[in-house]
Student: 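Let me give you the structure first, and then I'll get to my questions.
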There are 2 protein chains.
Amino acid sequence: MQYSIGVEYGLHCLVYLIDIPPDATIGIKELSAFQGVSETYLSKIFSKLTKAGIVVSVPGVKGGYRLSKSPDDISFWDVVEAVEGATPIFQCKKIKDNSYLCQDEEYAACSKASPCVINMTMLEAEESMRNVLRNKTLSWLNEELDRVLTPQSRKDTRQFFANSTNV
Amino acid sequence: MQYSIGVEYGLHCLVYLIDIPPDATIGIKELSAFQGVSETYLSKIFSKLTKAGIVVSVPGVKGGYRLSKSPDDISFWDVVEAVEGATPIFQCKKIKDNSYLCQDEEYAACSKASPCVINMTMLEAEESMRNVLRNKTLSWLNEELDRVLTPQSRKDTRQFFANSTNV
DNA sequence: TAATCGCCGATTAATGTTGTCGTCGATAAG
DNA sequence: CTTATCGACGACAACATTAATCGGCGATTA
């Protein structure tokens with residue numbers, strides 16, 4: 001069980017969109033070329049990011065993507081939710097409502113009225129994970145990368161996209 | 001993306017193993033009949049729980065399963081890990097180590113030596129979820145069910161398994 | 001008006017999920 | 001001592017999902 005690789009693709013790409021000049025865009029072609037990932041698949045990920053209001057797409061020649069809001073207002077969870085949806089990780093098929101005892105109609109009604117403790121616990125655990133992701137923004141990630149990577153490599157990266165940026 | 005339904009099956013079944021007399025067991029047949037789930041599939045889940053040391057299997061006629069240790073020492077996470085494995089939910093295909101800049105050998109070596117901030121963040125978030133699950137034990141679940149369910153339904157459930165319990 | 005971009009739906013190969021089936025060895029009962 | 005019943009295990013199958021590819025669409029720019 002794993003989230004799709006699209007989450008990783010998306011987050012890595014969004015980093016490059018943070019520092020570009022206002023009104024500039026970066027195309028799928030450049031993003032996929034830089035990272036060495038599938039162009040068509042990446043474009044699907046960006047369709048989802050667009051629908052979620054994380055990026056804005058500019059169609060036509062010299063088109064591409066840019067962030068739709070401040071990187072301060074985009075959290076890791078926003079990206080995960082955009083790509084993977086908000087479906088809970090833990091399934092609840094309500095098996096407690098299909099137990100042997102539920103052959104009794106009255107008991108079944110009573111069971112369906114009360115929550116499933118196991119599922120509640122799972123949702124609580126998931127929520128804890130989401131809260132960590134909600135507290136990490138793209139701005140934070142950008143600063144963290146400044147701290148971890150060499151200034152030269154960050155500069156080279158920006159240069160790569162600056163050369164092909166569509167202004 | 002979801003954890004398999006086996007987690008839910010397993011946790012619900014383990015509840016019934018808590019309150020049985022010492023040295024008694026409950027068979028797959030009774031568990032699957034009570035919950036209305038597939039017998040063969042459930043037996044696979046219990047194979048995993050056995051390998052993980054959560055339950056003990058008794059082979060032969062009148063065989064079945066019982067908890068291998070105190071329900072105080074079995075957490076939700078133990079069960080999830082037994083059924084699903086400990087593989088992280090978030091994939092990291094190390095795409096940072098395959099970027100355009102990594103065509104430079106020296107840069108590639110440097111990149112591989114430094115951690116991926118995005119993946120670190122994901123693992124931190126997952127760990128937060130696991131910690132919630134680690135703090136919930138089968139004993140806690142049992143008490144919670146006592147609180148939420150009617151005494152009658154709990155009694156009926158125990159009765160169901162007592163009738164077929166193998167002592 | 002032609003080339004280039006993102007958008008979108010259909011398709012596909014590989015993989016994972018949710019089972020089933022048949023065989024095995026262990027065990028209790030007749 | 002045989003037989004029926006249990007769990008263990010591997011093979012298999014149906015179905016869904018994942019990670020892509022492909023082709024046609026409309027928008028844009030040169």
Side-chain angles (χ1 to χ4, degrees), chain A residues 1-10 13 17 23-33 35-52 54-66 68 80 83-85 87 89-91 93 95 164-167, chain B residues 1-10 13 17 23-33 35-66 68 80 82-85 87 89-91 93 95 164-167:
Chain A
M1 197 287 310
Q2 289 188 316
Y3 276 132
S4 85
I5 194 68
V7 174
E8 196 191 2
Y9 286 6
C13 286
L17 295 179
D23 295 325
T25 64
I26 301 182
I28 290 290
K29 213 163 237 173
E30 291 92 56
L31 289 168
S32 67
Q35 313 232 52
V37 303
S38 152
E39 193 180 319
T40 48
Y41 184 63
L42 188 59
S43 85
K44 299 209 160 229
I45 306 300
F46 267 81
S47 284
K48 292 182 179 182
L49 295 176
T50 306
K51 274 181 194 148
I54 292 172
V55 298
V56 168
S57 74
V58 177
V61 179
K62 295 242 162 202
Y65 295 92
R66 81 170 136 287
S68 76
V80 174
V83 175
E84 293 291 328
T87 319
I89 296 178
F90 290 97
Q91 303 186 46
K93 291 269 177 67
I95 66 178
S164 51
T165 287
N166 315 310
V167 188
Chain B
M1 197 289 307
Q2 289 188 315
Y3 275 131
S4 85
I5 195 67
V7 173
E8 196 190 2
Y9 286 5
C13 287
L17 295 179
D23 296 323
T25 65
I26 301 183
I28 290 290
K29 212 162 238 173
E30 291 93 56
L31 290 168
S32 69
Q35 314 233 50
V37 303
S38 152
E39 193 180 318
T40 47
Y41 184 63
L42 188 59
S43 84
K44 296 198 166 230
I45 306 300
F46 267 81
S47 284
K48 291 181 178 181
L49 295 177
T50 306
K51 275 182 194 149
I54 292 172
V55 297
V56 168
S57 75
V58 176
V61 179
K62 294 243 160 200
Y65 294 92
R66 81 169 136 278
S68 77
V80 175
V83 176
E84 293 289 328
T87 320
I89 297 178
F90 291 96
Q91 304 185 45
K93 290 270 177 64
I95 66 178
S164 51
T165 287
N166 314 312
V167 188

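By convention in this document, chain letters (A, B, ...) are assigned in the order of the sequence lines, proteins followed by strands, and residues within each chain are numbered from 1.
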Student: For D/dT17, does either OP1 or OP2 sit under 4.0 Å from a side-chain N or O belonging to A/Y3?
Tutor: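 False: A/Y3 side-chain N/O out of range (4.0 Å or more) of D/dT17 OP1/OP2.
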
Student: Can you tell me how far C1' of C/dT4 sits from CD of A/E39, to the nearest Å?
Tutor: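 Those two atoms, CD and C1', are 12 Å apart.
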
Student: At less than 4.0 Å, is any side-chain N or O atom of B/S43 found next to OP1 or OP2 of D/dA8? Yes or no.
Tutor: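 No, no such contact exists.
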
Student: A/I28 side chain: which of C/dC21, C/dG6, D/dT21 is closest?
Tutor: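 My answer, after comparing the listed nucleotides, is C/dG6.
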
Student: Please classify the nucleic acid contact of B/K51 as base, sugar-phosphate, or nothing, using heavy-atom distances under 4.0 Å.
Tutor: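 Result for B/K51 = sugar-phosphate.
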
Student: Reckon B/Q91 has a side-chain N or O less than 4.0 Å from the OP1 or OP2 of D/dA19?
Tutor: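 Indeed, a polar side-chain atom of B/Q91 lies that close.
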
Student: Would you say a side-chain N or O of B/S4 is under 4.0 Å from OP1 or OP2 of C/dG16?
Tutor: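 Checking B/S4 against C/dG16: no side-chain N or O falls below 4.0 Å of OP1 or OP2.
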
Student: Please report, rounded to the nearest Å, how far the P atom of C/dG16 is from the NZ atom of B/K48.
Tutor: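 Atom-to-atom, B/K48 to C/dG16, this comes out as 12 Å.
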
Student: C/dC5 phosphate, OP1 or OP2: any side-chain N/O from A/K29 under 4.0 angstrom?
Tutor: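 Yes, A/K29 has a side-chain N/O under 4.0 Å of OP1/OP2 on C/dC5.
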
Student: If you only use heavy atoms from C-beta on, which nucleotide in D/dT29, D/dA8, C/dG19 is closest to the side chain of A/V61?
Tutor: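 For the A/V61 side chain, the nearest candidate turns out to be D/dT29.
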
Student: Expressed as a whole number of angstroms, how long is the span from A/I26:CD1 to C/dG6:C1'?
Tutor: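 It is 15 Å, rounded to the nearest whole Å.
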
Student: What's the CG-C1' distance between A/L42 and C/dC7, to the nearest Å?
Tutor: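 Those two atoms, CG and C1', are 14 Å apart.
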
Student: Determine the contact category for B/F46: base if any of its heavy atoms lies under 4.0 Å from a base atom, sugar-phosphate if only primed atoms, P, OP1 or OP2 are that close, otherwise nothing.
Tutor: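 Since no nucleic acid heavy atom lies under 4.0 Å of B/F46, the category is nothing.
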
Student: Once you round it to whole Å, what is the distance between P of C/dT17 and CD of B/E8?
Tutor: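 The distance from CD of B/E8 to P of C/dT17 comes to 16 Å, rounded to the nearest Å.
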
Student: Please state how far atom NZ in B/K44 lies from atom P in C/dG22, giving the value in whole angstrom units.
Tutor: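 Taking NZ of B/K44 and P of C/dG22, I get 15 Å after rounding.
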
Student: Take atom NZ of A/K93 and atom P of D/dA16, then tell me their distance rounded to the nearest Å.
Tutor: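 Between P of D/dA16 and NZ of A/K93: 12 Å.
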
Student: Between D/dA8, C/dT18, C/dG6, which one does the side chain of B/S47 approach most closely?
Tutor: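 Closest nucleotide among those given: D/dA8.
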
Student: State whether A/S38 places a side-chain N or O below 4.0 Å from either non-bridging phosphate oxygen (OP1 or OP2) of D/dT21.
Tutor: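 Yes, because at least one side-chain N or O of A/S38 sits under 4.0 Å from OP1 or OP2 of D/dT21.
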
Student: Establish, with yes or no, whether the OP1 or OP2 oxygen of C/dC5 is under 4.0 angstrom from a side-chain nitrogen or oxygen of A/S57.
Tutor: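 For C/dC5, OP1/OP2 do not have a side-chain N/O of A/S57 under 4.0 Å.
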
Student: Which nucleotide, D/dT28, D/dA19, D/dA8, lies nearest any side-chain atom of A/P59?
Tutor: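 Among the listed nucleotides, the one closest to the side chain of A/P59 is D/dT28.
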
Student: Would you kindly compare A/Q2 and A/V58 by the position of their nearest DNA chain C nucleotide and give the one closer to the 5′ end?
Tutor: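 Looking at DNA chain C, the more 5' nearest nucleotide goes with A/V58.
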
Student: Closer to the 5' end of DNA chain C via nearest nucleotide, is it B/G6 or A/Y65?
Tutor: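 Looking at DNA chain C, the more 5' nearest nucleotide goes with A/Y65.
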
Student: Reckon B/Y41 has a side-chain N or O less than 4.0 Å from the OP1 or OP2 of C/dC21?
Tutor: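 Answer is no, no contact under 4.0 Å.
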
